[in-house]
Number of protein chains: 2
Amino acid sequence: MKLITRNTDYALRAICFVVNQEGRVVTAGELVKKLRIPRPFLRKILQSLNREGILVSTKGSGGGFYLAKPAKEIDLLELIGIFQGHLTLNECLFKKLACPNVKTCKLKKRIDKIETMVLRELAKINVASLLSEERLNVKKKDHQDRSG
Amino acid sequence: MKLITRNTDYALRAICFVVNQEGRVVTAGELVKKLRIPRPFLRKILQSLNREGILVSTKGSGGGFYLAKPAKEIDLLELIGIFQGHLTLNECLFKKLACPNVKTCKLKKRIDKIETMVLRELAKINVASLLSEERLNVKKKDHQDRSG
DNA sequence: ACAAATGATACTATTATGGTATCATTTACA
DNA sequence: TGTAAATGATACCATAATAGTATCATTTGT
Ligand code: FES
Ligand code: FES
């Protein structure tokens, strides 16, 4: 079981790279080469990040992406929200029938407490705080695909 | 994203029911009726619980299941381990290549910390502590299937 | 012997994840 | 003004994890 899926992780790597370019516009092609993420998948991810107000995109020749807000204001919880939906650690099986126990259920109470902790911690992890040490894995070999 | 999958949850409900029977041998059929879990699925779950030393089974006519150890010694972490494998919140994408950053990666460090917290809390949640308040949802209507 | 129980195990269905592939649109600039 | 270089939108496909079924073998009380 993974808390962080591939698209979230890729998004984070891409954002980190963009941050390091200090305002320069970065194209998807560049990111593909540097991060070695399959191009169509990365493109979809970048489009999401644009829609969600994390990156700004400019179209046309010379276009690309740059940060829409300070690195400090982009946290893991938000990224997970975008790519994995709301993080629900506990979900009672009697969902539709509206579980008769929700009010008293001890398990729910205890899992909820864990969930709250986890969410709080994830919200603390922001891109700026990750960047003092490098986590990008820059590569030599190019990557190729046809779409785009 | 769910921390607790169906089989883990069903297992927990089944165990709770068995605990409440105070040593009496309980059959899969009974559990199916009371908990309204699909019979073949529940049977598979009970077999796992037996293999893993949480329930003892007795075969043949009059057979069934009873607890293999005190309710206090059965915790959620163990159940999750059985049905969902080891809980890994963070798994670096460069797995096979052995990520060059594992030692320094800040993200990994921070997720690991969250993971440790979660595991510790899950280990604290044991069946006995859940049972002071009821979470079983006993039902009227029977359930039917052919296997067995 | 037979019915009532579990054990083992192989199979199937559904959903979530991890992608691909196409075509439309915008823009710089030769 | 037209073409190449970029992103936007969207539909599609592949793989893996989860959830569940189906069969047959084995054990045991009566
Ligand atoms: S049994 Fe429904 S919330 Fe716990
Ligand atoms: S980038 Fe590999 S452990 Fe973080």
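A note on names: the letters A, B, ... follow the listed sequences, proteins ahead of strands, and every chain is numbered from 1.
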Taking the minimum atom-to-atom distance to the side chain of B/P40, which one of C/dT17, D/dT21, D/dA6 wins? D/dT21
Taking only the side-chain heavy atoms of A/S61 (C-beta and beyond), determine which of D/dG20, C/dA8, C/dA28 contains the nearest atom. C/dA28
Rounded to whole Å, please give me the gap between CD in A/Q47 and C1' in D/dA11. 13 Å
Nucleotide of C/dA10, C/dG7, D/dT7 approaching A/R43 most closely (side-chain heavy atoms): D/dT7
Separation of B/F83 atom CZ from D/dA17 atom C1', in whole Å? 16 Å
Grab the CZ-P distance between B/F41 and C/dT9 for me, whole Å please. 19 Å
Indicate yes or no: at least one non-hydrogen side-chain atom of A/I111 is less than 4.5 angstrom from one of B/L122. yes
Residues that B/N7 engages under side chain to side chain donor-acceptor pair (under 3.5 Å), provided they are two or more places apart: B/T5
Between B/L42 and A/R51, name the one whose nearest nucleotide on DNA chain D is closer to the 5' end. A/R51
In whole Å, what is the span from the CD atom of A/E30 to the C1' atom of D/dA5? 13 Å
Can you measure A/N50 atom CG to C/dT26 atom C1' for me and round it to whole angstrom units? 13 Å
Scan A/G63 against the nucleic acid and name what it touches under 4.0 Å (heavy atoms): base, sugar-phosphate only, or nothing. sugar-phosphate
Could you work out which one of C/dG18, D/dT21, C/dG7 sits closest to the side chain of A/R6? C/dG18
Using a cut-off of less than 4.0 Å, is there contact between a side-chain N or O of B/Y10 and OP1 or OP2 of D/dA19? no
Whole-Å distance, B/K59 NZ to D/dT28 P, equals 7 Å
If you assign each of B/T27 and A/G62 to its closest nucleotide in DNA chain C, which residue comes earlier from the 5' end? B/T27
Of the candidate nucleotides D/dT21, C/dT17, C/dA8, which contains the atom at the shortest distance from the side chain of A/T5? C/dT17
Atom-pair distance (NZ on A/K44; C1' on C/dT22), nearest Å: 14 Å
In the structure I gave you, are the side-chain heavy atoms of A/V118 and B/L3 within less than 4.5 Å of one another anywhere? no
Measuring only between side-chain heavy atoms, which start at C-beta, is B/D75 closer than 4.5 Å to B/E78? yes
Salt bridge between B/E121 and B/K124, side-chain N to carboxylate O under 4.0 Å? yes
Measure from CG on B/L46 to C1' on D/dG20 and round the result to the nearest Å. 15 Å
